[in-house]
Amino acid sequence: MSEVLMPPQLIIKFDGYMSEGNRISLRTLAHTLPFLQRAVDKIVIYERQGIVGKGATLHQANYQYADLYLEQLETGSVILPLVGNFISGVAAKFNSFMDDPYHETENLLAGKFSGFDARVDMTRSLISSGALVPISHDELISKQDFVDRDYAQAAFLNDINNMLSPLRSSLCAGDSITITNADPSHSAKYYFDQNRSKAFAKVVREQRLAHPVKYLGRLDGLVNRGGTGFPYVGKFMCKTTKKERKLLVASEADAFELNKHNLGSSEILIVACPLAVYGAFDPLAGDLVFIGFHNDRQTT
């Protein structure tokens, strides 16, 4: 009686130079599959512990919930069906972590990736329409799950980005890697060629605006440092933490309004977004991006 094979959880397809002649080198596998396993490990850590610490690795006792096994090879290119006994939530979280960066990659390739001034304006519009509601600084500090989820996604994306690194080689201009989530309830496919791999790397390394937060404090300096991105930078003394934060300002118009309160004795209530890298940021001391004054009130 033949053994019943487990249905694949993920399917990885290699096309092009890397899989020429329906074969693939151990070196290529060594530079791709371990990072995929580590990405899945990050999801399992997050699902079981609710947090992914810096440099976190999955404890051996939990390998059974994350391990991927190479079973029966499929024909055509080099297609690797990977089976595993994932804990509940991994397949859904895989898509949840991948979808937004993947769509941002498509927008970047289509020339739709906006600068920080445009992203500040978009955030401001979403707040004005009620589609995005700023939280208080105390909420941000107390609700650590806000930060934990972003950090877990960041760690996951770092591993996926490393997995795709062989595509960025000059030898692989015509190659591609396709990652398929084969779970019937969460079916999804993520295709990467060289251009998509390079764009994905830019997206996951790009600094971005985190959820807007209300901050109360004083502006103790504002200077024009020139350049693109954030030509103005201020020193914001946060009342909640009693720490100085760097306040980045994307436009001259915003700098003009802020300057009215520069070095003043009165506290101002502003809305700002923590500046995140890979979705992760320091809620207590990280840089802030000025969005506006809360409810158009310039003082408390």
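In summary, the aromatic rings of Phe200 and Tyr102 are positioned with their centroids too far apart to meet the 6.0 Å limit. In summary, the aromatic rings of Phe293 and Phe290 are positioned with their centroids under 6.0 Å apart.
Here CG of Leu68 is found 8.5 Å from CG of Leu33. Values are rounded to the nearest 0.5 Å. In this structure, CD1 in Ile179 is found 12.0 Å from NZ in Lys189, a value given to the nearest 0.5 Å. How far NZ of Lys243 is from CZ of Arg245: 8.5 Å, rounded to the nearest 0.5 Å. Here CD of Gln9 is found 8.0 Å from CG of Asn85. Values are rounded to the nearest 0.5 Å.
A donor and an acceptor atom, one from each side chain of Arg168 and Asn161, are located under 3.5 Å apart. Using modelled atom types, one finds no donor on one side chain facing an acceptor on the other under 3.5 Å when comparing Arg124 with Ser129. For the residue pair Arg196/Thr105, the side-chain donor-acceptor check at 3.5 Å is not satisfied.
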Kindly indicate, with the supporting measurements, whether the criterion salt bridge (charged side-chain N to carboxylate O under 4.0 Å, His left out) is fulfilled by Asp121 and Arg119. CA-CA 5 Å; Asp121 287 341; Arg119 280 180 264 178; over 6 Å; no

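Taking the six-membered ring where tryptophan is involved, the planes of Phe116 and Phe230 are tilted, since the angle between them lies from 30° to 60°. Taking the six-membered ring where tryptophan is involved, the planes of Tyr190 and Phe94 are tilted, since the angle between them lies from 30° to 60°.
Exactly one residue among Gln49, Arg48, Glu47 makes a side-chain hydrogen bond (donor to acceptor under 3.5 Å, both in side chains) with Asn62. That residue is Arg48.
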